[in-house]
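Below is one structure, written out as structure tokens; the observations come after it.
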Amino acid sequence: MVCAETHPGLQQRFRVEDYDLAATLDSGQAFRWKHYAGSWTSVIGDRWVRLRQDNDDILAETALPNTDWTWLEDYLQLDVDLRQVLEELPTHPALNQAIAHHRGLRLLRQEPWECLISFILSSTKQIPHIKQIVEQLCLQLGDCAITPAGQPKAHCFPTASRIAALQEAELRAMRMGFRAPYILAAAEAIASGRLNLNDLKHVSLAEARATLMVLPGVGRKIADCVLLFSLGFTEAFPVDVWVMRALQSAWFPGKAMKLPALVAFSESHFGRYGGYAQQYLFHHARTASSRFQKKSPHEDQG
DNA sequence: GTCCAGGTTCACG
DNA sequence: CGTGAACATGGA
């Protein structure tokens with residue numbers, strides 16, 4: 001592998017505004033970023049990539065030269081005007097506080113297949129454990145990505161046909177538990193061509209959601225994660241336990257609400273960028289928790 | 001040991 | 001139709 005500096009296309013600098021790379025990559029929407037010495041490394045599609053933020057710049061390095069960086073600009077959603085997004089969200093003290101604490105947190109645009117499998121695996125699992133299972137899946141079944149000299153091995157996310165060829169027991173051996181048959185069924189649907197996730201980008205939210213929810217192990221919440229994090233439906237608003245508690249305590253104090261009622265509220269209340277509101281609420285709830293953030297157990301809320 | 005985790009499904013009244 | 005238990009596994 002040749003020295004990076006001598007080869008144009010191996011490095012790129014992107015000017016950004018209102019972008020918090022660390023919060024974005026570590027907010028529980030993507031599970032394959034590794035943080036080391038101020039840099040974030042992962043594999044997007046079949047491309048190894050390392051990112052670093054330096055104030056208003058994001059610096060990217062790849063293993064192979066790029067004539068076109070659209071794949072990364074799209075993944076990071078660099079063209080999104082966050083100010084405009086936030087202006088369209090409803091005003092509420094709890095939401096305002098979450099935004100104030102994590103200004104620059106963005107939504108990524110991930111590859112739908114990886115997103116679907118990752119979130120099927122996410123059900124009743126803590127984020128560190130989701131990361132662990134996804135990593136095992138890639139390690140054991142994913143192709144090796146090309147990495148720069150001196151870098152450790154990195155793997156692509158396994159293809160649907162690779163997973164579809166397995167037995168349920170082989171997936172259970174990767175500690176997926178009751179999610180193993182769900183993963184297998186999703187892989188078979190994709191590998192057979194019966195389901196094309198990219199087609200869902202061009203249908204209505206309701207139709208895309210209903211199509212995803214046909215898959216076993218995919219309910220409203222996981223479907224909304226896939227819609228929001230990979231298919232471009234920014235109004236999708238996944239309600240998990242954290243968001244449910246945030247909505248309950250801040251919007252309906254003293255009035256016990258059930259999950260379907262909170263989902264219905266979120267659908268009518270947060271508008272076409274509701275998914276951003278959801279991500280700020282989720283990330284803020286998690287980082288405010290003393291379990292997640294080892295330091296500073298005190299919360300600075302007014 | 002007990003409880004809970006970016007839920008969904010299935011059985012019961 | 002609404003509610004509660006079961007489902008695997010690991011960490012707090």
Side-chain angles (χ1 to χ4, degrees), chain A residues 23-33 98 102 105-108 110 112 114-137 140 166-186 189 209-231 233-234 236-249 256-264 266-267 270 274-295 297:
Chain A
T24 300
L25 299 183
D26 200 27
S27 61
Q29 49 181 321
F31 301 102
R32 270 181 357 111
W33 287 98
H102 305 286
L105 171 60
R106 304 294 192 112
L107 292 175
L108 299 168
Q110 301 178 57
E114 174 173 346
C115 188
L116 172 64
I117 294 303
S118 300
F119 279 96
I120 290 177
L121 289 172
S122 77
S123 80
T124 57
K125 282 260 165 246
Q126 297 181 117
I127 289 177
H129 197 213
I130 302 166
K131 290 179 177 172
Q132 199 176 306
I133 296 179
V134 170
E135 180 172 21
Q136 276 310 305
L137 193 62
Q140 295 186 32
L166 298 180
Q167 301 295 117
E168 181 183 321
E170 300 176 83
L171 291 170
R172 283 192 184 258
M174 295 182 208
R175 326 313 294 161
M176 291 178 187
F178 61 83
R179 304 158 194 82
Y182 301 156
I183 296 299
L184 199 51
R209 178 184 284 142
T211 303
L212 290 170
M213 287 177 66
V214 169
L215 293 168
V218 179
R220 169 70 183 241
K221 188 270 171 182
I222 291 175
D224 278 16
C225 285
V226 177
L227 294 169
L228 180 62
F229 301 138
S230 74
L231 297 176
F233 291 94
T234 57
F237 194 105
V239 182
D240 76 313
V241 288
W242 293 94
V243 173
M244 185 173 65
R245 288 197 285 250
L247 291 176
Q248 171 69 74
S249 66
M257 301 287 283
K258 290 169 186 168
L259 177 59
L262 293 173
V263 169
S266 71
E267 204 168 4
F270 289 97
Y276 281 86
Q278 177 277 156
Q279 197 62 16
Y280 278 94
L281 292 173
F282 174 77
H283 189 59
H284 188 55
R286 274 177 39 80
T287 52
S289 146
S290 55
R291 284 200 301 273
F292 182 74
Q293 198 156 29
K294 291 146 202 148
K295 303 175 87 175

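Side chains are part of it too, since the values below use all heavy atoms of this structure and drop only hydrogens, waters and symmetry mates. Chain A is the first sequence line, chain B the second, and so forth, proteins listed ahead of strands; every chain is numbered from 1.
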Within this structure, what is the CE-to-P distance between A:M176 and C:dG10, rounded to whole angstrom? 13 Å
note: A:K258, atom NZ; C:dG2, atom P; distance rounded to Å ~ 8 Å
Take atom C1' in C:dG11 and the same atom in B:dT8, then report the distance between them in whole Å. 22 Å
A:R172 side chain near C:dA8 phosphate (N/O to OP1/OP2, under 4.0 Å): yes
Separation between the C1' atoms of C:dG2 and B:dG6, rounded to whole Å: 24 Å
Students often get this wrong, so: under 4.0 angstrom with heavy atoms, is A:S27 touching a base, only sugar-phosphate, or nothing? base
Distance test, side-chain N/O of A:R245 to OP1/OP2 of B:dA5, below 4.0 Å: yes
Using atom CD of A:E168 as one end and atom P of C:dA8 as the other, report the distance to the nearest whole Å. 9 Å
Starting at atom CG of A:L247, determine the distance to atom P of B:dG6, rounded to an integer number of angstrom. 16 Å
Are A:F31 and A:F119 an aromatic pair by the rule of ring centers under 6.0 Å? yes
Side chains of A:S27 and A:Q279 only: does a donor on one sit below 3.5 Å from an acceptor on the other? yes
Using a strict threshold of under 4.0 Å (side-chain N to carboxylate O), is an ion pair present between A:K131 and A:D26? yes
A:R286 atom CZ is separated from C:dG11 atom C1', nearest whole Å, by 13 Å
Gap between atoms CZ and P, on A:R175 and C:dC7 respectively (whole Å): 16 Å
Atom NE2 of A:H129 and atom P of C:dA12: how far apart are they, to the nearest Å? 12 Å
Nearest-Å distance for atom pair CG/C1', residues A:L121 and C:dG10: 15 Å
Please encode protein proximity along nucleotides 7-13 of chain B as a string of B, S and -, counting only heavy-atom distances under 4.0 Å. BSS----
Tell whether A:Q132 reaches the base of C:dG11 with its side chain through a donor-acceptor pair below 3.5 angstrom. no
